[in-house]
Novice: 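Have a look at this one before I ask anything.
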Amino acid sequence: ALVCKDESWSYSRLNERANQLAEYFRKEYNIRNNSQIGVLINRSFDSVACMMAIMKIGAIYVPFDPRNLTDRMRNSIEELGLDLLIVNQDVSFDIENIVDIDKLNLSSYLGENIACSVALDQGAFIIHTSGSTGKPKGVLQTHKMLSNLIQWGMQDAEMEEGLYYLQYSSFGFDVSIQDCWTALCNGGSLYIVPDEMRMNFPVLLREIVQNRIEVLSFPYTVLNEFYNLYQKNSFKGHGIKHIISYGEKLVVSENLLRFLNEAPHNIKVHNHYGPSETHVITACTLSRDEKTIVKNPGIGRPIANTKIQILDSKGERVPVGSKGEIYVQGANLALGYVGNEKLTEEKFASKAVNTQERLYKTGDMGRWLSDGTIELLERIDNQVKINRYRVELEEIEEVIREQECVNQVKVIASENEVLNEKCLIAFVVGDAAFSEVDLANSLEGKLPSYMIPSEIRNVSELPITVNGK
């Protein structure tokens with residue numbers, strides 16, 4: 001079931017450990033349905049066992065990444081009112097019940113399956129995302145969402161049973177939950193990438209090849225960085241069958257395209273889209289054999305039991321090809337934001353298109369295409385004013401990304417204190433032949449003058465957060 005370096009756990013051992021933990025939580029801390037258990041431990045097999053144990057007894061799993069333990073996150077942990085916090089390091093919190101999992105002796109606790117009734121609409125886990133105020137927002141997701149996502153993954157996601165998955169994402173990020181349950185419910189295995197290996201791509205590649213990992217699940221930024229390593233010989237003997245990209249808009253880089261075209265067998269690329277408030281809601285699959293690989297793919301079609309509405313500012317549906325905001329209905333909607341009813345009411349609306357069914361307002365712009373798929377456009381809140389003009393930063397990034405020798409780009413609006421106005425700066429990861437002057441010249445005629453960055457900086461890489469964004 002689980003592998004990390006030279007150690008492995010069978011399904012039987014993982015289930016027994018999870019059952020023992022669940023029994024311990026119940027007996028020693030009276031944990032029951034809807035109790036909240038925080039997990040703040042380094043990446044290990046117990047990361048998966050704790051997740052399983054908590055959900056087995058109907059409690060709410062609240063994971064955190066120890067590498068992202070900022071003062072704001074510490075405050076959020078203490079303000080949640082956790083019934084229990086599980087750690088494996090020396091930390092101090094104003095929380096009554098804290099347990100060091102490495103010091104537990106569970107030999108006296110039963111390893112048998114736990115009897116527990118869990119409702120689909122019940123809270124399953126809380127994931128923290130960035131807030132506009134700088135304070136993390138806690139999103140409370142349901143068992144219905146998780147069940148729907150995993151059943152879709154088993155039946156409709158074009159992936160076989162029994163695959164060997166790379167578990168790369170942070171356990172403080174919701175994709176880790178999808179990684180674990182998808183692999184285990186499909187009879188597969190999970191290779192848990194150690195912390196020290198996650199950003200050491202040459203070592204990670206060696207592990208992927210030697211262990212014949214079959215499914216890579218990467219944030220888009222990491223996917224791009226990882227395939228910058230691509231040389232045909234360095235991937236020789238790999239067993240990769242599927243690549244999952246998430247977190248940001250997928251662009252198929254030249255190196256990734258070479259890898260897909262030069263591979264001895266067909267490899268499918270799955271582009272997953274969805275915010276934490278809904279998790280995955282649309283997907284598309286690219287395949288060499290089916291000739292569906294394009295540089296800028298859309299985000300595909302809604303997954304099972306999910307409905308997408310693209311609405312204008314008045315809450316009316318827009319025609320095919322017209323731009324509007326993406327709203328989500330269906331099984332994947334979260335219950336809302338923990339302790340923030342006002343924001344929950346604002347983002348989970350029920351007044352659009354004359355329906356009383358809840359909708360989630362994503363803040364992403366998109367449009368339906370004639371083939372029934374969706375094209376993801378810019379963020380509503382990614383607008384800035386330059387010389388009195390409203391500018392979409394992602395629109396500029398899209399044009400720059402299409403230019404020769406450009407691999408990655410990030411455009412920001414920076415305050416020019418001398419001129420007391422905003423100016424655009426483009427950070428570009430380019431090929432060896434990349435030239436700032438050539439890029440600036442190539443943008444003339446492709447963008448209005450006020451949308452051409454006043455400064456272009458050639459950088460070796462874009463900064464990556466702990467979640468890989």
Side-chain angles (χ1 to χ4, degrees), residues 1-4 9-19 21-22 37 39 41 43-63 65 113-114 116 118-127 139-193 213-219 242 244 246-247 270 272 274 276-281 283 303-306 331-334 467:
L2 305 179
V3 180
C4 184
W9 278 11
S10 66
Y11 271 82
S12 176
R13 183 174 178 186
L14 172 60
N15 192 48
E16 181 180 21
R17 175 70 167 176
N19 288 336
L21 285 167
I37 302 182
V39 180
I41 63 177
R43 297 170 63 81
S44 66
F45 294 162
D46 271 334
S47 300
V48 183
C50 283
M51 179 198 307
M52 291 180 61
I54 293 165
M55 292 189 183
K56 275 175 177 277
I57 53 178
I60 298 173
Y61 167 63
V62 192
D65 190 327
N113 286 329
I114 301 293
C116 181
V118 178
L120 283 175
D121 288 326
Q122 188 175 318
F125 60 89
I126 296 172
I127 288 293
V139 178
L140 177 56
Q141 263 294 2
T142 66
H143 284 275
K144 179 191 287 186
M145 185 287 295
L146 188 55
S147 174
N148 187 63
L149 178 68
I150 301 312
Q151 291 186 66
W152 167 78
M154 294 170 67
Q155 299 171 20
D156 302 324
E158 302 184 46
M159 297 178 71
E160 313 88 279
E161 295 181 354
L163 294 170
Y164 197 179
Y165 288 71
L166 187 77
Q167 202 294 301
Y168 177 90
S169 66
S170 162
F171 277 96
F173 193 41
D174 51 4
V175 175
S176 65
I177 302 170
Q178 179 186 0
D179 290 341
C180 295
W181 287 107
T182 299
L184 298 176
C185 289
N186 270 301
S189 302
L190 274 171
Y191 184 97
I192 299 177
V193 181
I213 302 294
E214 296 171 299
V215 182
L216 305 185
S217 179
F218 282 145
H242 298 272
I244 300 172
Y246 60 86
H270 306 271
H272 289 183
S276 296
E277 289 84 351
T278 63
H279 203 63
V280 177
I281 47 173
I303 73 167
N305 301 309
T306 300
N332 279 24
L333 267 64
N467 287 336

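Residues take their numbers from the sequence shown, with the count starting at 1. Computed from a predicted structure; not experimentally measured.
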Novice: So do the side chains of L184 and Y11 get within less than 4.5 Å of each other, counting heavy atoms only?
Specialist: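 They are in contact (side-chain heavy atoms under 4.5 Å apart), so the answer is yes.
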Novice: Mark yes or no for whether N15, through its side chain, and N113, through its backbone, hold a donor-acceptor pair below 3.5 Å.
Specialist: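 No.
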Novice: Do H270 and W152 have ring centroids that are under 6.0 Å from one another?
Specialist: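 Ring centres of H270 and W152 not closer than 6.0 Å.
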Novice: I would like to know whether L163 and N186 meet side chain to side chain contact (heavy atoms under 4.5 Å, CB included); could you show each step before the answer?
Specialist: CA-CA 8 Å; L163 294 170; N186 270 301; over 6 Å; no
Novice: Which value, rounded to the nearest 0.5 Å, describes the distance between W9 atom CH2 and C4 atom SG?
Specialist: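 Nearest 0.5 Å value for the CH2-SG distance: 11.5 Å.
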Novice: Does any part of the side chain of C180, heavy atoms only, come nearer than 4.5 Å to the side chain of Y165, both counted from C-beta?
Specialist: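 The answer is no; the side chains never approach within 4.5 Å.
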Novice: Ignoring hydrogens and geometry beyond distance, is a side-chain donor-acceptor pair present between Q167 and S169 at under 3.5 Å?
Specialist: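 There is such a pair (donor and acceptor under 3.5 Å, judged by atom type) between the side chains of Q167 and S169.
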Novice: Fit a plane to each ring of Y246 and F173, take the angle between them on a 0 to 90° scale, and name the class: parallel (under 30°), tilted (30 to 60°) or perpendicular (over 60°).
Specialist: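 Ring orientation of Y246 relative to F173: tilted.
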Novice: Look only at the side chain of E161 and the backbone of G188, and say whether a donor-acceptor pair between them is shorter than 3.5 Å.
Specialist: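 Answer holds: no.
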Novice: Assess the side chains of Q178 and H279: does a donor N or O sit below 3.5 Å from an acceptor N or O?
Specialist: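 Q178 vs H279: donor-acceptor pair found between side chains.
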Novice: Would you compute the distance between atom CG of D156 and atom CD1 of I303 and round it to the nearest 0.5 angstrom?
Specialist: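 Here the interatomic distance stands at 9.0 Å.
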Novice: Determine, stepwise, if the pair S47 / V39 fulfils side chain to side chain contact (heavy atoms under 4.5 Å, CB included).
Specialist: CA-CA 8 Å; S47 300; V39 180; 6.0 Å; no
Novice: Mind checking whether I177 and I127 have side chains closer than 4.5 Å, heavy atoms only?
Specialist: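 Touching, per the 4.5 Å side-chain cut-off.
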Novice: What closest approach, in Å, do I41 and S44 show between heavy atoms, and which atom pair accounts for it?
Specialist: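 Distance-wise, the nearest heavy atoms are CD1-OG, 4.2 Å.
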Novice: What is the minimum heavy-atom distance between K56 and A18, and which atoms define it?
Specialist: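 Nearest heavy atoms, K56 then A18: CE-CB, 4.1 Å.
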Novice: Identify, with sequence neighbours excluded, every residue that meets side-chain hydrogen bond (donor to acceptor under 3.5 Å, both in side chains) alongside E16.
Specialist: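 E16 satisfies side-chain hydrogen bond (donor to acceptor under 3.5 Å, both in side chains) with no other residue.
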Novice: Heavy atoms, side chains only, cut-off 4.5 Å: are W181 and L149 in contact?
Specialist: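 No, too far: nothing below the 4.5 Å cut-off.
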Novice: Under the side chain to side chain contact (heavy atoms under 4.5 Å, CB included) criterion, do D179 and I244 qualify, and how do the steps go?
Specialist: CA-CA 10 Å; D179 290 341; I244 300 172; 5.9 Å; no
Novice: Verify side chain to side chain contact (heavy atoms under 4.5 Å, CB included) between D174 and V139, making sure each step is shown before the conclusion.
Specialist: CA-CA 10 Å; D174 51 4; V139 178; over 6 Å; no
Novice: Short question: side chain of N332, backbone of V280 - any donor-acceptor pair under 3.5 Å?
Specialist: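 Side chain of N332 to backbone of V280, a donor-acceptor pair under 3.5 Å: yes, one is there.
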Novice: Atom CD of Q151 and atom CG of N305: how far apart are they, to the nearest 0.5 Å?
Specialist: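 So the CD of Q151 and the CG of N305 are separated by 8.5 Å.
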Novice: Taking all heavy atoms of A183 and all of S189, pick out the closest pair and write down the distance.
Specialist: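 Heavy atoms only, the tightest pair is CB-O, 4.3 Å.
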Novice: If I take atom CD1 from residue I126 and atom CD1 from residue I37, how far apart are they, to the nearest 0.5 angstrom?
Specialist: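 Result: 11.5 Å between the selected atoms.
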Novice: Can you tell me how far CG of L190 sits from CD1 of I213, rounded to the nearest 0.5 angstrom?
Specialist: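 It comes to 9.5 Å.
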Novice: Compare all side-chain heavy atoms of N148 with those of L120 and state whether any distance is below 4.5 angstrom.
Specialist: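 No; the side chains remain at least 4.5 Å from each other.
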Novice: Is a side-chain N or O of R17 found less than 3.5 angstrom from the main chain of D46, in a donor-acceptor match?
Specialist: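 No, R17 side chain to D46 backbone: no donor-acceptor pair under 3.5 Å.
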Novice: Looking at every heavy atom in both F171 and P63, which two are closest together, and how far apart are they?
Specialist: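 Scanning both residues completely, I find the closest heavy atoms to be O-CB, 2.9 Å.
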Novice: In terms of side-chain heavy atoms, does E160 have a donor or acceptor partner in H242 at a distance below 3.5 Å?
Specialist: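 Indeed, the side chains of E160 and H242 share at least one donor-acceptor pair under 3.5 Å.
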Novice: Write down the atom of A124, the atom of T142, and the distance for their closest heavy-atom approach.
Specialist: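 Taking every non-hydrogen atom into account, CB-C, 3.7 Å.
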Novice: Check whether any side-chain heavy atom of L14 sits under 4.5 Å from a side-chain heavy atom of F45, and report yes or no.
Specialist: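 L14 does not reach F45 side chain to side chain.
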Novice: How far apart are the closest heavy atoms of V118 and G58, and which atoms are they?
Specialist: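 V118 and G58 have their closest heavy atoms at CG2-CA, 3.7 Å.
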Novice: Donor-acceptor pair, Q141 side chain versus F125 backbone, under 3.5 Å?
Specialist: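 A pair under 3.5 Å: no.
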Novice: Hey, what do you get for CE (M51) to OH (Y61), rounding to the nearest 0.5 Å?
Specialist: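 Going from CE on M51 over to OH on Y61, the span is 4.0 Å.
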